[in-house]
Amino acid sequence: MGANRTLVRIRPRPNTGFVSQGRTVLATGSDGFVDGGGDHGLFVHQTRMISRYRWRFNGGAPEPVVLSNVLQHTWMGYYILVPPGAEAGAPDEGSGQMRPVSEQTLELRLSRSVGGGVHEDVDLTNFSTEPTAFTLELDVDADFADQIETRGPRRQTGELSRQWGEGPGGAELLFDYRAEHTCDRQGDRGTARLHRGLALRIRRADSPPRWENGRIRFDVRLPPGGRWHTCLLLVPLLEGEAIEPPAACRDFTRAGPPPGER
């Protein structure tokens with residue numbers, strides 16, 4: 001009983017990560033993605049603009065390594081996987097603790113900035129000694145649920161459309177949602193209308209995007225040491241008015257504090 005004992009409190013890894021500024025909040029799972037459940041999604045003025053947002057390689061998920069906020073309105077995540085078509089390599093014969101994926105790896109780096117909307121830099125690097133080719137996919141959708149509705153049954157019904165095409169400056173996936181209902185408050189009767197939308201704009205992609213079966217797809221080919229890049233802008237639309245995200249591409253590390261914090 002005389003021995004000194006130290007108690008260590010271990011806390012579970014949080015299931016939700018937040019990146020926010022003003023009335024825009026991106027809430028993701030612990031893997032940095034939005035899988036369509038619970039309170040996760042891109043919320044703008046308490047409306048969930050994005051309900052699913054997941055990067056995939058030939059349909060499979062990359063392995064998260066380091067995910068962290070840099071500032072409240074910025075976030076960076078590193079993911080790895082064995083390059084598709086490459087051998088995983090021999091097992092570690094030293095410590096036995098090193099996994100093959102960590103030695104011959106394809107790295108995905110996501111850099112997010114929130115400011116009205118969301119700007120995401122997507123960077124791939126092939127650190128293996130073999131070339132690789134694969135389909136990079138963004139599984140994405142929107143539901144425009146009210147924040148309260150994400151915790152219970154949907155009360156609001158409306159019409160949601162998805163349109164893929166050319167927008168200002170490049171390829172764009174446009175979600176458009178319209179709803180209306182009659183209201184009667186203290187004798188004041190009328191029809192309330194709601195118009196929300198989100199434009200997902202693709203910029204500076206090193207290979208052309210296409211839209212298939214609810215996913216944005218890129219065909220990627222990387223030599224040993226090769227790199228690939230694109231930028232995504234998530235632009236919320238409130239009654240037709242755009243709320244622009246930070247626009248600078250590949251400027252994450254040089255970005256200053258958000259307005260009001262300078």
Side-chain angles (χ1 to χ4, degrees), residues 16-29 31-34 40-55 64 66-79 107-125 136 138-142 144 147 164-176 196-207 209 216 218 227-262:
T16 303
F18 297 95
V19 193
S20 65
Q21 183 179 166
R23 301 188 69 179
T24 300
V25 179
L26 177 61
T28 69
D31 60 357
F33 299 139
V34 177
H40 295 168
L42 173 62
F43 294 87
V44 181
H45 290 256
Q46 297 184 328
T47 296
R48 182 162 66 182
M49 298 283 182
I50 287 290
S51 57
R52 190 169 70 248
Y53 191 93
R54 308 181 299 182
W55 286 103
V66 179
L67 313 174
S68 178
N69 287 83
V70 180
L71 298 171
Q72 180 177 332
H73 71 295
T74 57
W75 176 96
M76 184 173 285
Y78 286 87
Y79 304 78
E107 178 191 88
L108 167 66
R109 185 182 71 204
L110 301 178
S111 309
R112 295 172 181 162
S113 300
V114 173
V118 178
H119 180 117
E120 178 165 273
D121 284 318
V122 182
D123 289 282
L124 297 170
T125 304
L136 175 67
L138 177 61
D139 181 15
V140 60
D141 204 4
F144 298 95
Q147 190 167 359
W164 172 260
E166 287 294 316
E172 176 181 280
L173 176 61
L174 180 63
F175 297 97
D176 188 81
R196 297 287 185 264
L198 184 126
L200 194 160
R201 298 171 181 166
I202 301 168
R203 299 291 180 268
R204 300 185 182 182
D206 287 337
S207 54
I216 298 173
F218 305 85
R227 299 176 184 271
W228 186 95
H229 172 81
T230 191
C231 285
L232 271 66
L233 304 179
L234 278 63
V235 184
L237 304 168
L238 302 179
E239 304 301 328
E241 295 293 326
I243 303 178
E244 297 292 340
C249 195
R250 281 180 165 159
D251 198 35
F252 178 84
T253 57
R254 296 188 295 274
E261 294 186 13
R262 292 186 175 89

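The figures that follow rest on heavy atoms only: side chains count, while hydrogens, waters and symmetry mates do not.
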Can you name the residues that form a salt bridge (charged side-chain N to carboxylate O under 4.0 Å, His left out) with D139, not counting sequence neighbours? R52, R54, R215

Please identify each residue that fulfils salt bridge (charged side-chain N to carboxylate O under 4.0 Å, His left out) with E241, with sequence neighbours left out.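 Per chain and number, E241 pairs via salt bridge (charged side-chain N to carboxylate O under 4.0 Å, His left out) with no residue.
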
What distance do L110 atom CG and Y78 atom OH have between them, rounded to the nearest 0.5 Å? 10.5 Å

So do the side chains of [X] and [Y] get within less than 4.5 Å of each other, counting heavy atoms only?
| X | Y | value |
| --- | --- | --- |
| M49 | F144 | yes |
| V122 | L138 | no |
| V19 | Q72 | no |

Taking N69 for the side chain and F18 for the main chain, is one N or O donor matched with an acceptor at less than 3.5 Å? yes

Are any side-chain N or O atoms of R23 and backbone N or O atoms of F43, one a donor and one an acceptor, separated by less than 3.5 Å?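 Checking the backbone N and O of F43 against the side chain of R23, no donor-acceptor pair under 3.5 Å is found.
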
Those residues that, when tested against F175, pass ring-ring contact (aromatic ring centres under 6.0 Å, His included) (two or more places apart): none

Of all the heavy-atom pairs spanning S207 and W228, show the shortest one and how long it is.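 Looking at all heavy atoms of both residues, the shortest contact is OG-NE1, 3.0 Å.
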
Exercise: identify the closest heavy-atom pair between A27 and T16: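 Shortest heavy-atom separation between A27 and T16 comes out as CB-CG2, 4.1 Å.
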
By side-chain contact (heavy atoms from CB on, under 4.5 Å), which residues pair with R203, not counting sequence neighbours?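 Residues passing side-chain contact (heavy atoms from CB on, under 4.5 Å) with R203: R201, C231, L233.
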
With P209, which residues qualify under side-chain contact (heavy atoms from CB on, under 4.5 Å), at least two apart?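 Scan of P209 (side-chain contact (heavy atoms from CB on, under 4.5 Å), adjacent residues dropped) gives W164, A171, I202, I216, F218.
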
Decide if atom CD of Q46 counts as having more than 12 heavy atoms of other residues, nucleotides or ligands within a radius under 6.0 Å. no

Under the rule for side chain to side chain donor-acceptor pair (under 3.5 Å), what residues qualify as partners of E120, not counting sequence neighbours?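 For E120 the side chain to side chain donor-acceptor pair (under 3.5 Å) partners, ignoring immediate neighbours, are Y53, W55, R112.
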
